[in-house]
Amino acid sequence: MILHLQTSPFFPKPVDIIGDYLTRQPSYYELQRAEEQADALALEEYNQQAVPMPNHIRERLERLNARMRVKHES
């Protein structure tokens, strides 16, 4: 923009002023922040739609965990 002001006899157009902003690539931190926000929204949506574990699966998992604890203590 400074080069434009120094070399052009005309006033800059709005696109000349904001042109750098529109073509600028986001920084690594901006990308990371956007990705974290998307992950947080996805997790919130998942938690809203989540349902409790069925009892037969919970019981089977508890039996499996109990069996694994006995093997490790031996």
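Along the sequence shown, the residues carry numbers beginning at 1.
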List the residues meeting side chain to side chain contact (heavy atoms under 4.5 Å, CB included) with [X], not counting sequence neighbours, and say none if there are none.
X	result
Tyr29	Ser27, Gln32
Arg60	Arg63
Pro26	Glu30, Leu31
Glu62	Arg58

Connected hydrophobic set around Met53, excluding itself, where side chains approach under 4.5 Å |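 Direct or chained contacts put Met53 with Ile57, Leu61.
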
Counterpart residues, salt bridge (charged side-chain N to carboxylate O under 4.0 Å, His left out), relative to Glu36 (two or more places apart) =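 Partners of Glu36 by the salt bridge (charged side-chain N to carboxylate O under 4.0 Å, His left out) criterion come out as none, since no residue qualifies.
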
